[in-house]
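Lettering follows sequence order; numbering is per chain, from 1. Being a predicted model, the structure only gives us computed values, none of them experimental.
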Protein chains: 2
Amino acid sequence: MAARGAAHNTAQAHQTHNHRECIDDALKRAREICAGRGAQLTPLREKVLQIVWRSHKPVGAYDVLDELARSHKAARPPTVYRALDFLMSEGLIHKIESLNAYLGCVEAGAPHSGQFLICRQCGATEEIVDAKLETALDQAAKRAHFAGERKVVEISGLCARCAA
Amino acid sequence: MAARGAAHNTAQAHQTHNHRECIDDALKRAREICAGRGAQLTPLREKVLQIVWRSHKPVGAYDVLDELARSHKAARPPTVYRALDFLMSEGLIHKIESLNAYLGCVEAGAPHSGQFLICRQCGATEEIVDAKLETALDQAAKRAHFAGERKVVEISGLCARCAA
DNA sequence: ACCCCGCTGTTATGATGTAACATTGCCGAA
DNA sequence: TTCGGCAATGTTACATCATAACAGCGGGGT
């Protein structure tokens, strides 16, 4: 994995960290990943990725559109959805199904479905990578003789800060 | 739990079982549950529940609407969404977030979030109740100091029949 | 008789997502 | 150099999913 700052890219840190660095890290990593694959991270796609990364909260496609339109007047829904589809296919963002919204991926590059903790109070959403949970999902599917492919795991509740 | 036929109410069985009995069981159980709670399972709501139970595939709200309108010309979107909201609040159906569709609950009465195996080929969706997976979800949230409430678990892939 | 309240009716609109075809710009082959 | 192909983007229109807001109706209690 490319070098990156230690505490960045985690939702827990979102109150305290330097978020500009956090975004910059994500964009830099995205460029590296795409360059290594020959995938075209165009200015438009990179701009959409940057908008998604503006916070650690899932962002709706039309919110992305509104923001994008400030600098790109031609933006229309297909513009945004195409960019989001590209970013998802490259594993740079995830869709949060229970919110119909999109979130930057903290493990970009490695294909995975993602596991999310969504605070219903502040909206901050943390992507976790929990090997035991992953195993439990695989085992559960296996017990049911089901060939699992994509896994949606979204736990909503209260983050530590909001619960306090 | 009320007495009910052994192989009913499972998606695996959906190719072979007597689905009329399956629906009847679900409706009977729903009536019992609502009666026991003083919840009003009106004819309209029961009809919607019956429509959702017509198959073991998640059904969209507008598909419910189309079907409902055959016997109930006044049906409009709010009619359906209100009934679906009621049925969800009573734990009689689940929403499948990744499909924006609704499915009869096989463990009606006990409040739970549900874990689903969704076949991308045939659409059949099985609700599983996997204690180990449940534990793994709780543990994962706990490790992240997150107070989990609602859990969305939807694994899509191929059911045993379609994989063969 | 009257009110309250839950359920349903009704109209309109908001929010999310996609189909289909046009245009642009680059790059390689002839 | 010109042309043809192809990926990305532009553009118009529409499909799909969901809810706001207010009206009407009917049963149960006082």
Q) Within this structure, what is the CD-to-P distance between B:Glu97 and D:dT16, rounded to whole angstrom? A) 20 Å

Q | Protein-nucleotide distance (A:Leu44, atom CG; D:dT9, atom P), rounded to Å | A | 5 Å

Q.
Quick check: closest heavy atoms across B:Trp53 and B:Cys22, and the distance to 0.1 Å?
A. CZ3-SG, 4.1 Å

Q | C:dG17 phosphate, OP1 or OP2, under 4.0 Å from A:Lys95 side-chain N/O | A | yes

Q: Please identify each residue that fulfils side-chain contact (heavy atoms from CB on, under 4.5 Å) with A:Asp138, with sequence neighbours left out.
A: A:Glu134, A:Lys151

Q) Expressed in angstrom and rounded to an integer, what is the separation of A:Tyr102 atom OH from C:dA15 atom P? A) 16 Å

Q: Grab the two heavy atoms, one from A:Arg29 and one from A:Ala108, that are nearest each other, plus how far apart they are.
A: NH2-O, 2.8 Å

(Q) OP1 or OP2 of D:dA8 versus the side-chain N and O atoms of A:Gln40: is any pair under 4.0 Å? (A) yes

Q: Mind calculating the distance between CG (A:Asp63) and C1' (C:dG14) to the nearest angstrom?
A: 13 Å

Q.
Between P on D:dA18 and CG on B:Leu84, what's the gap in Å once rounded to a whole number?
A. 9 Å

Q) What's the CG-P distance between B:Leu65 and C:dT8, to the nearest Å? A) 15 Å

**Q.** Interatomic distance where CG belongs to B:Leu99 and P belongs to D:dT16 [whole Å]
**A.** 15 Å

(Q) Give me each pair satisfying salt bridge (Lys or Arg N to Asp or Glu O under 4.0 Å) with a member in residues 63-72 of chain A, each pair once, sequence neighbours excluded. (A) A:Arg54-A:Glu67, A:Glu67-A:Arg70

Q) Do any N or O atoms from the side chain of B:Arg45 and from the backbone of B:Gln40 form a donor-acceptor pair under 3.5 angstrom? A) yes

Q | ILVMFWY cluster membership beyond B:Leu137 - transitive side-chain contacts under 4.5 angstrom | A | A:Leu117, A:Ile128, A:Leu133, A:Leu137, A:Phe146, A:Val153, A:Ile155, B:Leu117, B:Ile128, B:Leu133, B:Phe146, B:Val153, B:Ile155

Q) Should B:Arg31 and B:Glu46 be marked as a salt bridge (Lys or Arg N to Asp or Glu O under 4.0 Å) after you check the CA-CA gap, both sets of side-chain angles, and the distance that decides it? A) CA-CA 9 Å; B:Arg31 279 183 224 109; B:Glu46 186 170 329; 2.9 Å; yes

(Q) If we count only N and O atoms by modelled type, under 3.5 Å, do the side chains of A:Glu149 and B:Ser156 hold a donor and an acceptor together? (A) no

Q.
Test of understanding: with ring-ring contact (aromatic ring centres under 6.0 Å, His included), list the residues that count as partners of A:Phe116, not counting sequence neighbours.
A. A:His94

Q.
Please confirm whether the shortest side-chain N or O distance from B:Arg76 to OP1 or OP2 of D:dT19 is below 4.0 Å.
A. no

Q: Kindly say if A:Asn100 contacts the phosphate of D:dC17, meaning a side-chain N or O under 4.0 Å from OP1 or OP2.
A: no

Restricting to nitrogen or oxygen on both sides, can you table the protein-nucleotides 24-30 of chain D pairs closer than 3.5 Å?
none

(Q) Side-chain N or O of B:His72 versus OP1/OP2 of C:dG9: is the shortest distance under 4.0 Å? (A) yes

Q) Counting side-chain heavy atoms from CB outward, which of C:dG9, D:dA8, C:dC7 is closest to B:Thr42? A) C:dC7

All N/O contacts under 3.5 Å from nucleotides 18-22 of chain C to the protein, with atom names and distances to one decimal?
unit_1	atom_1	unit_2	atom_2	d
C:dA20	N6	A:Arg82	NH2	3.2

Q. Rounding to a whole Å, what distance do you find between A:Glu90:CD and D:dA8:C1'?
A. 14 Å

